[in-house]
There are 2 protein chains.
Amino acid sequence: MSDKAPTSPVSRERSREIKRLSVILAARQARRLSRVDLAEMTGLSAATVTALVRELVAEGYLIERGPGAPTTGRPREMLEFNPRAELVAAVSLEPPRISCEIADSEGAVIAHRVARLGANVVETVCEFVLDLVGDNLPSLRGVAIAVPGVSSNGAVRLAPSVGLVEAWPIGESVQRRLGVPVVVDNDVNLMAAGECVAGAGADVANLLLIHVADGIGAGLVLDGKVRRGASGAAGEVGFLPLGGATERRYSGVGEFEARWSVNAIAERVVALNPGRRPESPVRELSRLAATSAPARDYLDEVLGAWAGLILSCACVVDPGLVLLSGAAAELDDPALDQLQTLVSARTPAPTEVRRATLGDQAVLHGAISYALSAAVPRPSLP
Amino acid sequence: MSDKAPTSPVSRERSREIKRLSVILAARQARRLSRVDLAEMTGLSAATVTALVRELVAEGYLIERGPGAPTTGRPREMLEFNPRAELVAAVSLEPPRISCEIADSEGAVIAHRVARLGANVVETVCEFVLDLVGDNLPSLRGVAIAVPGVSSNGAVRLAPSVGLVEAWPIGESVQRRLGVPVVVDNDVNLMAAGECVAGAGADVANLLLIHVADGIGAGLVLDGKVRRGASGAAGEVGFLPLGGATERRYSGVGEFEARWSVNAIAERVVALNPGRRPESPVRELSRLAATSAPARDYLDEVLGAWAGLILSCACVVDPGLVLLSGAAAELDDPALDQLQTLVSARTPAPTEVRRATLGDQAVLHGAISYALSAAVPRPSLP
DNA sequence: AGAATTTTTTCTCACTAGGAAGAAAGTGTG
DNA sequence: CACACTTTCTTCCTAGTGAGAAAAAATTCT
């Protein structure tokens, strides 16, 4: 919340914004609808909707698509929401790389670029975004920047597993340069947001996404809102004190993730089945477990540990749904069923376990969701 | 969100509600202020504020209190918010007892009653509220009902530690009878809300309250909002899998709370210092630890376990602040400092530990906060 | 071909929020 | 003590407005 003086919540400017936003949100959700539908969905009168639609058609938000299905009476003039009217830039900082995609509000990528991350991140981000968006700059609604570490108030403190980069408030700098809202967050948080709006969690308002890669992190969506934390450290589940009380001091690598991340699993799989390190260690472990008792036993240990992690989170926030991402999504069906059984036996409330479905697209959809939310003017009331 | 058709977000009725609420919220927050102050705080024009203040004075929300401090120019006419204009009923179901308090929006109790809980809870609640509120019924803004178990969508499933009572949607029934908003929630959630608005957490938007009594439960306030959970089971931290992997099935009593609740501590304190069971086992343990090595060792164990609990919660939601309630609030200063040190050493983000301050009043303030929030008409936008 | 139905557009008007002007109620100054 | 100045509060005025109602449009039905 800005410190600036509040403007009137009932001013003409504010009413205008609210009406437009009502119609845009309804159209974005429905995709294809008539003026009658818009009136029903927003509560605005038919006269008011007519005037707003005229404006939004002129601006390219809505496209007239001809008559609707034949019924008795004047046929409806069908309108279609134009996702190209709203573009979003999704930037991923993955040292030493940076990638940038321009997508419309449905997730269709219209331009992208990958390059090495140089010294001046702000300059690079602005250059990429402006270059990729080109003539469509007036349609750019916002920028979301994904980083592989904890963000706090727009400052970035990258995860130890990928090396350190100095922290600085890049969000503010980029926002000043580009003139649109810019949001910076942890990539696992963006994944959780993406799965919630367009993936395996599109049917719920609460979910926990567990991402297993070099580290183990979690993203939480609680009542439709991503949980970042008081210092931006929500979801640091790699540090949960599970599986024995070696009370180490906070050292940057969690005791849980040291034992149960994909690297640890890969080492053990190579020990069980000498040869090259598999590309998908969890998939390989699931495969070996079908025929090898030691592999079977180890898989049981991994599932037990992950079930403990899920139980810890369920006790604290009761998400109702857990999505498995990264290497965790590579469990085969029997292993997934076993994990579900372990979780169901111990959690105080029903907790379903599913695989995340968006894969690499999760961050993009999360970025779109963030950027569009950030572009919404907030009401003055709490 | 109700299924009913939305009403226009810019209708005259809606604008009127928004203006009134802006002024009421500003006055409630400031307590004593002028029309100029109201205009600044709300963004409304001086003319609009004058009209609204006239209404609210007539209705008893605001009281004119004479000129403000002398300055050059026309003196301000100071207005005072009248907490008696908003009454709240706070009901506690503590089988076999029921208590009911009527309080104003500042927490001053104007009437209360305690009785045995009979078979017909809805009837009893309505009778108590109506009786206690008397002629002030027009000022009743809402009712909050605290229950010592998990609530889910207004249905109550009481905690095993106090015996089972059949579940039923009492919130809806009471709301239908009394005609004001009724909210039902777990008493620990209400404590957390209370400490956040009027207690030890009044300066933050995020906190975790740990309540140690017969059971161990937690209340979470995240970004100013109480976290209930997808099934109402957030904060069931008694079931966290800490301190050794006895993977019991969910049995109604958490493995953690079985070992570290006040009953377990009381038994151990009696073993360490034979005699009658102390009224405050945690205080007694702190006292004994000053002179007895075995007591010292046991206190270290308890603090270690509670630190593990706090660490688990901090990893998941990063609350930034932890409040100790119930028996946990009885730790003496050295023990509290020790707990803080243990927590600081292990959490990935700064996490301060404080005692809760409201004691028995926490539930009341939480109920007030809930009931006043429930009375606020919501904007149609998400 | 005309009636009926439904949707969209236009018309009308009571209401309104805020800018501006005026009134009120002080303090400061000569 | 009278007048000027300053600040607050109230009243006046008006351009804008959201929705109800009426009219127009565009179909299907008989």
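Lettering follows sequence order; numbering is per chain, from 1. All values derive from a computational prediction rather than experimental measurement. As a basis for the values below, the full set of heavy atoms in this structure was taken, side chains included, without hydrogen atoms, waters or symmetry mates.
- Ion pairing of B:Glu86 with B:Arg28 is present here, as a side-chain N (NZ or NE/NH1/NH2) and a carboxylate O approach within less than 4.0 Å.
- Mapping A:Arg35 and B:Ala46 onto DNA chain C by nearest heavy atom places A:Arg35 at the nucleotide closer to the 5' end.
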Output one line per pair: protein atom, nucleotide atom from nucleotides 22-30 of chain D, and distance, for all N/O pairs under 3.5 Å.
| unit_1 | atom_1 | unit_2 | atom_2 | d |
| --- | --- | --- | --- | --- |
| D:dA26 | N3 | A:Arg74 | N | 3.4 |

Quick test: give all pairs of protein nitrogen or oxygen and nucleotides 16-20 of chain D nitrogen or oxygen below 3.5 Å, distance rounded to 0.1 Å.
| unit_1 | atom_1 | unit_2 | atom_2 | d |
| --- | --- | --- | --- | --- |
| D:dT17 | O2 | B:Arg12 | NH2 | 3.2 |
| D:dG18 | OP1 | A:Lys19 | NZ | 3.3 |
| D:dG18 | OP2 | A:Lys19 | NZ | 2.3 |
| D:dA19 | OP1 | B:Ser8 | OG | 2.6 |
| D:dA19 | OP2 | A:Ser45 | N | 3.3 |
| D:dA19 | OP2 | A:Ser45 | OG | 3.4 |
| D:dA19 | OP2 | A:Thr48 | OG1 | 3.0 |

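- Scored by the side chain to side chain contact (heavy atoms under 4.5 Å, CB included) test, B:Ala51 finds no partners at all (sequence neighbours excluded).
- Put simply, CD on A:Glu64 is 11 Å from C1' on C:dT8, counting in whole angstrom units.
- Computed from coordinates, the B:Glu77 CD to C:dG26 C1' distance equals 13 Å when rounded to whole Å.
- Regarding contacts with the backbone of C:dT8, every side-chain N or O of A:Thr50 stays at 4.0 angstrom or more from both OP1 and OP2.
- Here C:dT8 presents its C1' atom at 13 Å from CG of A:Leu38, a figure rounded to the nearest Å.
- A:Gln361 meets the side chain to side chain contact (heavy atoms under 4.5 Å, CB included) test with A:Leu358, A:Leu364, A:His365; sequence neighbours excluded.
- Interatomic distance, CG of B:Leu190 versus CD1 of B:Ile368, reported as 11.0 Å (0.5 Å rounding).
- Under the 4.0 Å criterion applied to side-chain N and carboxylate O atoms, B:Arg84 and B:Glu106 are not assigned as salt-bridge partners.
- Look at CZ on B:Arg14: it is 17 Å from C1' on C:dT16, rounded to the nearest Å.
- Contact check for A:Val143 versus A:Val88: no side-chain heavy atoms found under the 4.5 Å cut-off.
- Residues forming a side chain to side chain contact (heavy atoms under 4.5 Å, CB included) with B:Val125 (at least two apart in sequence, or on another chain): B:Val91, B:Ile98, B:Val121, B:Val129, B:Ile145, B:Val174.
- Residue pairs meeting the salt bridge (Lys or Arg N to Asp or Glu O under 4.0 Å) criterion with at least one partner in residues 42-61 of chain B, sequence neighbours excluded, are B:Arg16-B:Glu55, B:Arg20-B:Glu55, B:Arg20-B:Glu59.
- Summarising the geometry, atom OG belonging to A:Ser373 is positioned 14.0 Å from atom CZ belonging to A:Arg141; distances are rounded to the nearest 0.5 Å.
- Remark: P of D:dA15 and CD of A:Glu13 are 17 Å apart, rounded to the nearest angstrom.
- For the OP1/OP2 pair of C:dT7 and a distance below 4.0 Å, the side-chain nitrogens and oxygens of A:Arg76 include at least one atom meeting the criterion.
- The separation between B:Glu55 atom CD and C:dA17 atom P is 11 Å, rounded to whole Å.
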